[in-house]
Amino acid sequence: MRKYPDTPDFTGMNEPVCDEYRLENLDVEGEIPAEVKGAFFRAVPDPAFPPIYEDESAISGDGMVSGLYFRDGGKVDFEIRYVQTARHKAEVAAGKTLFGKYRNPYTDDPSVKGVDRTVANTTPVWHAGRLLMTKEDGHPYEINPHTLETVGSYDFGGALKSETMTAHVRIDPETKEMFFFGYEADGLASTKVSYCIADRDGTLVKEQWFDVPYCSLMHDFIITENYALFPVLPTTADLDRLKAGGDHWVHHQDLESWVGIMPRDGDVSEMRWFKGPKGVSTFHIMNAFEDEEGRVHMDHNMTESVAFPFIQRASGLNIPPEKLGGGLMRWTMDMKGRDDNLVQVPLGPPGDMPRTANEDQGRPYSKGWYLTVNPELQGPPLMGGVVGAEFNLLMRIEPGTGRIDAYAFPPLSGIHEPVHVPSNENGHEGWLVAMVDIMQGEGDLYQGCWIFNAGDVAAGPVAKITIPHRLRPQVHGWWVPQGELDRSVRK
Ligand code: V55
Ligand code: FE
C-alpha cells in the first residue's frame, strides 16, 4: 500500500483527515452576535488516497465542502463532506490513486483518460441561490447547501463553453451580477481566457474569449463599477513540459507582469494592456476602484517571487516565506493617459487572504482585512496550509491612511481566511468569522471558529466555537446569510 509522503504538504496540520462527519450543538464561549446567522462554507483539500508523486502539493487534495451553520438561539452545527467529483468517485471505486501530478493528465493512470480531473477544492461560491465548489482547472460542482451532497458538475445549464472557471468570482454589490473568468479555456497551457457574466438569476448572459500575452497562473481578477481587470503574472505553463510528464507551473523572475483592463460590460477587443514589474506573484486581490481623474487602482497581496514551495522547486527557486518581500500593493492604471506602464505604491506589509465588505467591492473603500505572519512573534509559526506556515496576525487596514490594527495569535497557532458578515447597525463594520488552530501544548491542538468585531479586531474574539474533531487547513470560505440560504435553489 502507498503511504502519504513525509513532507510538509502531508504532515503536521496537513496530515489528511479523510473523514466525513457532522457535529451538532457545538460549545460556544462568549455570545454569538444575533447578526451572525447563516452558513459559513469552506473549501478544504483532503486527499482521500496518497499521491502517486512524493512531491505533490497540498492543493491537489480532493475537495471537501464544510458548512458551519449558525442557527436560531445561538445553536451552531458543523458538517464536512467530500465533493463527489468524477475523480474522487473513480479513485474510490478503484480503491487507489489514479490521477498523477497537479494538473498534468499525462501522468494519470491510462484507465482514467478523459475523466474530469478537477478536485473542486478552492472556493465555495454562492450566487443566485446556488452553492458551487470551484477549482481553476475545470468546471465547478454544485452542492446542496443544506445537506452538502454533491448535485453534479455545473456548466450553467450547458451554456458555459470555457473548459475552466476560476475560484475567484466577483459579484457586483448593486446589480448582483456574477463576473468570472477561466484561463486555459480551451485546454492545457493555452493562452485563451474566457470572460463571463451571469445575471442576478444565475443565467450565463455573456461569454467572450481573449488571448493573454502568455499562459499564466491567473488565480484572481477584479471588477470596478466600469471595468474588469485581468492580472497576468509570470508563473507559466508549457504543453511540451506537460507532455514530458513535467510540472504545470514554472515561475520566471525575468518575465514582465501585465494587467489587461476592459469595460466590464464591453467587448474583449477593447482590452488595454498595462505593463507591471518583472518576476512578481499575486494570488489574491483585495479590491479595485476608479477615481475622479480616470485612474483605476487595484490593491493586491503581491510577493517578489512565487510563494508555493512546489512551484519554487520546479523553478529552481528556494525562498522561505519571510524572504518573499512584496506587500499589499496598489497598482494604478491611468485610463486617460497614454503611458502603458502601471504605477506601484505599497500600502501595507506582505500577507494574503484579503477581504472587504461585499458592499465595498469595486468601489472606493476605507477598510479591508488580511492575514500575515507576525514579524514580532516570539516563537515558531504553526506549520500547515498550502504555502507551509499558517498566518498568525489578523489585520484591519485603512488603505487610505495606512492605519493598521491587528490581533496577534500566540506562537504555534494560526488563523484561516475570515469571512465578513455585515451589520445592520449604522457605522458598525460587521463581523469577521474565521477558523483558528492553536497548539496549546505537546499534542494538544485546539481548533475552533472565532468571531471578531470587524471594526475592532485588536479587542479579540467576541465568541469562540470549539470544533472537537481535527480539521485540515481550509483554502477559501464564503458567508451565506440565512435569508439567502432559505431561498436556495436546492432544498
Ligand atoms: C491556489 C490554490 C489552488 C490552486 C491554485 O491559493 C492556486 C492559490 C487550492 O487550489 O489550484
Ligand atoms: Fe485563492
Side-chain angles (χ1 to χ4, degrees), residues 9-10 14 16 41-47 51 56-66 82-83 85 87-88 99 101-105 116-125 132-141 163-170 180-184 188 215-222 231-237 247-251 281-287 300-303 305-312 314-315 321 324 326 350-356 370-371 384-391 416-419 472-478:
D9 286 290
F10 297 92
N14 282 340
F41 292 110
R42 299 180 311 121
V44 184
D46 200 333
E56 194 51 79
S57 158
I59 69 173
S60 272
D62 294 299
M64 294 192 84
V65 55
S66 172
Y82 277 107
V83 182
T85 59
R87 171 178 176 145
H88 181 62
F99 293 81
K101 283 190 179 174
Y102 173 76
R103 292 172 66 181
N104 187 344
D116 182 6
R117 72 195 301 290
T118 192
V119 284
N121 71 2
T122 310
T123 310
V125 166
L132 304 176
M133 281 289 283
T134 56
K135 171 99 176 169
E136 63 202 57
D137 66 350
H139 284 173
Y141 274 80
E163 291 178 19
T164 60
M165 168 179 173
T166 68
H168 292 286
V169 309
R170 299 287 173 174
F180 64 95
F181 74 106
Y183 68 88
E184 301 187 28
L188 291 169
C215 175
S216 158
L217 197 176
M218 297 170 67
H219 187 67
D220 196 359
F221 92 127
I222 187 94
V232 170
L233 298 140
T235 303
T236 71
D247 293 286
H248 197 104
W249 299 120
V250 166
H251 189 73
S281 175
T282 286
F283 282 91
H284 301 118
I285 304 166
M286 179 176 272
N287 206 358
H300 55 113
N301 291 113
M302 196 194 88
T303 46
S305 186
V306 72
F308 280 99
F310 81 105
I311 302 178
Q312 287 195 13
S315 316
L324 281 166
D352 205 359
M353 300 307 187
R355 180 69 72 195
T356 68
Y370 67 106
L371 309 177
V386 295
V387 174
E390 294 195 1
F391 293 114
H416 300 275
E417 180 190 66
V419 288
R472 208 167 187 255
Q474 76 181 60
V475 185
H476 296 290
W478 196 287

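Counting starts at 1 for both ligands and their atoms, in listed order.
Smallest separation of non-hydrogen atoms from Glu56 and Phe10: O-CE1, 3.4 Å. Taking each heavy atom of Asp137 and Arg103 in turn, the nearest pair found is CB-NE, 3.3 Å.
Glu136 and Tyr183 share a donor-acceptor pair across their side chains, judged by distance under 3.5 Å alone.
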Open item on the list: Using the rule given for side-chain contact (heavy atoms from CB on, under 4.5 Å), can you reason through Val419 versus Phe41, listing the C-alpha separation, both sets of side-chain angles and the distance that settles it, and then say yes or no?
Closed with: CA-CA 9 Å; Val419 288; Phe41 292 110; over 6 Å; no

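With sequence neighbours excluded, the residues that form a side chain to side chain contact (heavy atoms under 4.5 Å, CB included) with Val387 are Ala307, Phe308. In this structure His168 satisfies the side chain to side chain contact (heavy atoms under 4.5 Å, CB included) test together with Thr123, His219, Asp220, His284, His476, sequence neighbours excluded.
When side chains are defined from C-beta on, Thr85 counts as touching Tyr141, because their heavy atoms get closer than 4.5 Å.
The side-chain hydrogen bond (donor to acceptor under 3.5 Å, both in side chains) test with Lys135 singles out one residue from Thr118, Asn121, Thr164, and that residue is Asn121.
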At less than 3.5 Å, what protein N or O atoms come close to the N or O atoms of ligand 1? Include the distances to 0.1 Å.
unit_1   : atom_1 : unit_2 : atom_2 : d
ligand 1 : 10 (O) : Thr122 : OG1    : 3.3
ligand 1 : 10 (O) : Lys135 : NZ     : 2.9
ligand 1 : 11 (O) : Tyr102 : OH     : 3.0
ligand 1 : 11 (O) : Lys135 : NZ     : 2.6

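Here 4 is the count of protein N, O or S atoms positioned under 2.8 Å from the Fe ion (ligand 2), waters not counted.
Salt bridge status for Glu417 with Arg355: present, with a side-chain N to carboxylate O gap under 4.0 Å.
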